[in-house]
2 protein chains.
Amino acid sequence: MSGPSRAPTMADVAATAGVSLSTASLAFSGNKPVSAATRERVLSAAAQLGYTGPNPLARNLRQGRSGVVGIAVGPLSTAFRDPAALPMLDAVSQVLEREGLGLLLMGEGDEHAALPLDAVIYDICGRETWDAYADLAARDVPVVVVEGPSWPGSTFIDIEHHAGATALARHLHDLGHRRVATVTLAPSHPQREREAGLREVFPDAAVVGACESDLTAAQELVGPWLDHGPGATAVVCQSDVQAAGVVLEARRRGLDVPGDLSVAGFDGVATPWLDLELTTVVQPLAEKGRAVARAVLDRISGTDTADVLLPVELRVGGSTGPARS
Amino acid sequence: MSGPSRAPTMADVAATAGVSLSTASLAFSGNKPVSAATRERVLSAAAQLGYTGPNPLARNLRQGRSGVVGIAVGPLSTAFRDPAALPMLDAVSQVLEREGLGLLLMGEGDEHAALPLDAVIYDICGRETWDAYADLAARDVPVVVVEGPSWPGSTFIDIEHHAGATALARHLHDLGHRRVATVTLAPSHPQREREAGLREVFPDAAVVGACESDLTAAQELVGPWLDHGPGATAVVCQSDVQAAGVVLEARRRGLDVPGDLSVAGFDGVATPWLDLELTTVVQPLAEKGRAVARAVLDRISGTDTADVLLPVELRVGGSTGPARS
DNA sequence: TTGTACGCGTTATCAA
DNA sequence: TTGATAACGCGTACAA
């Protein structure tokens, strides 16, 4: 066999099979019926030439789609440190994969501006603005935003931050808590909504401080506050990871949870290294991911999309109890 | 201004600017000098038409590259559950991003076979075979493999599993341990190498069992073994997460670590929720990621690549101590 | 420094 | 069911 100087193209296959280029194309794509005999001839010619199928680059240009969806999550090591991020990403990826679409990780910058993306998912709760958005909008790239912020022309997938936080607050109030503090996130849509929900019940809730959803960060934030003498009987956190940090830090100071201090989280993720189930607001992470993926598919196909608001559910665990009187 | 029926193309820009198509191309790419005056005309024509720059799809076809690198990590929720995965992924992503390359997450299947990938990183330690490999090889897509298995034509980035495991074993031996058990991984290159390294010092090390690098999995594996009466004074794990699981499970049974049982891990990741620093084999995760990214860049550019073997380092923490006599 | 012409490899339209 | 032909939008020799 003669070593081919360049990769075989579909035209080579067609020539070898003795059919026209368009027939060869149909034999591969199956977009229109082709007789079994000719398809066979085409495929065997392809095998003989070592042709590995239509060049994706050419197909993409022709069809005007790349098959790649970007997801902006910020620096990966921080984005995925919170276990709440994974189930959603997993669900998105699975749904898209089924459609032959790939998921491309984007930082926050616009280094990926030159990549052909069919759509972009924006999933950085902690950021309010996004420089790359104007670019994407100008190029008519569909954008699906997870948990705000709100930009014109985007589709939004959100959860009931406010209602969830209020339900949690009521639970604490029912337990007799009157002085409550909160560990919050950087200013953002979820942060504002959840805090507002909390204040429906505890208008005067004290803010311990803001940090990302990271165990160590939460510990460093709450430690000094605990030392200073909290003056609160319960701490409401904006994530389970933060809540776990508060639990660990409280215990380190000899406080009993929930005897001396009730601690609540948000998200509903597993914390197997904590011998305690957190009281938390469970959000449907996988369902959120599927909703995101569906919105992406709709936007790509031009179907109308509606924003989605997913319900949350209070789950009472062992980290909250009656207020110490 | 008249609403354009279709997106403007570079030809439109060139026409509006009164220059040729190739000149417009040069004005955007900067591949050859263009007079400041013409560039200015081209850019203002582009702005006027709302042209957002060269179509990436067309550019990709023309240049034969997509700017996208695939990374096969398996199901995301399991792949990133282990904190050891993130620093590497982060490093890979950062280096590639700097070159304008994007990172696309692939499952283990071949659903992404139709995507134009410039290279693929294979990073599923637990898998021995990969159906998609033959496809990629046939299409001449460069493959960089992290920690085996070994396929012809791939570039390998690996760490000193064997030496690290042996160093750890020596440490235990020096502490007087003679009866050692190991929690291992599914059969794989790292598993074989590390276990062989361990057996350099403890040829008769007992195998507790194999599980993935997951806290709960490790707990469920080691629990019954502990109940049964271990008959070992130290447990060597194949990951820090596994080791943490063993520590928690041992404590739950009233055993002191390291008083009653020494526990060692592998990786060197942070376990902030454990009030104990694990004795472990620290691998250079970020450096591994950079090596992977460099190999990818070299393979894409056609530069020769050499396999990389990165050193590891024993870090003695508080989870190992003298053997109980 | 700029313009001309061609090709990248495919899919879609239309007619046969 | 098949074939001829025209895009898709751009980069790059080559010539001017």
Side-chain angles (χ1 to χ4, degrees), chain A residues 4-43 45-46 49-67 100 113-118 139-140, chain B residues 4-43 45-46 49-67 100 113-118 139-140:
Chain A
S5 59
R6 59 175 178 82
T9 149
M10 195 184 282
D12 299 330
V13 174
T16 303
V19 299
S20 79
L21 174 56
S22 43
T23 302
S25 175
L26 294 179
F28 283 108
S29 71
N31 282 357
K32 301 246 176 200
V34 171
S35 81
T38 33
R39 170 186 294 112
E40 188 50 42
R41 285 230 306 288
V42 171
L43 295 182
L49 293 178
Y51 178 73
T52 52
N55 181 323
L57 257 21
R59 194 219 319 263
N60 286 351
L61 171 60
R62 189 52 242 239
Q63 306 193 133
R65 339 178 310 108
S66 67
L115 294 180
L117 301 176
D118 289 348
R139 285 162 54 197
D140 277 321
Chain B
S5 60
R6 57 173 180 84
T9 152
M10 195 184 279
D12 299 330
V13 174
T16 304
V19 299
S20 82
L21 176 55
S22 59
T23 301
S25 176
L26 294 178
F28 284 108
S29 72
N31 283 357
K32 300 248 176 200
V34 171
S35 80
T38 29
R39 169 184 296 111
E40 187 51 42
R41 284 230 307 288
V42 171
L43 294 182
L49 293 179
Y51 179 72
T52 52
N55 181 322
L57 257 23
R59 196 222 317 264
N60 285 352
L61 171 60
R62 195 49 243 248
Q63 304 191 143
R65 338 177 313 106
S66 68
L115 295 178
L117 301 176
D118 289 348
R139 285 161 55 195
D140 276 322

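A, B, ... follow the sequence lines: proteins, then strands. Residue 1 opens every chain.
- Five base pairs at each end of the helix from C/dT1-D/dA16 to C/dA16-D/dT1 define two local axes, and these are offset by 30° (rounded to 10°).
- For B/Arg65, the salt bridge (charged side-chain N to carboxylate O under 4.0 Å, His left out) partners are B/Asp118, not counting sequence neighbours.
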**Q.** Annotated protein contacts, base or backbone, on nucleotides 11-16 of chain C with a non-hydrogen cut-off under 4.0 Å, one of B, S, - each
**A.** BB----
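- Here B/Leu57 pairs with A/Asn60, A/Leu61, A/Ser66, A/Pro116, B/Asn55 under the side-chain contact (heavy atoms from CB on, under 4.5 Å) rule; sequence neighbours left out.
- With sequence neighbours left out, the side-chain contact (heavy atoms from CB on, under 4.5 Å) criterion links A/Arg39 to A/Val34, A/Leu43.
- Atoms CG (A/Leu57) and P (C/dT10) sit 10 Å apart, rounded to a whole Å.
- Chain B approaches DNA chain D within less than 4.0 angstrom (heavy atoms of the protein), and the contacting nucleotides run 5' to 3' from D/dG9 to D/dT12.
- Annotation: salt bridge (Lys or Arg N to Asp or Glu O under 4.0 Å) contacts involving residues 12-22 of chain A, sequence neighbours excluded, comprise A/Arg6-A/Asp12.
- Applying the side-chain contact (heavy atoms from CB on, under 4.5 Å) criterion to A/Asn31, with sequence neighbours excluded, gives A/Leu26, A/Ser29.
- Partners of B/Ser22 according to the side-chain contact (heavy atoms from CB on, under 4.5 Å) rule, which considers only residues two or more places apart in sequence or in another chain, are B/Ser20.
- Under the rule for a side chain to side chain donor-acceptor pair (under 3.5 Å), the partners of B/Thr38 that lie at least two apart in sequence or sit in another chain are B/Ser35.
- Remark: B/Thr9 pairs with no residue by the side chain to side chain donor-acceptor pair (under 3.5 Å) rule, at least two apart or across chains.
- The CE atom of A/Met10 sits 11.0 Å away from atom OG1 of A/Thr23, with the distance rounded to the nearest 0.5 Å.
- Screening residues 15-29 of chain B for salt bridge (Lys or Arg N to Asp or Glu O under 4.0 Å) gives no qualifying pairs among residues at least two apart or on separate chains.
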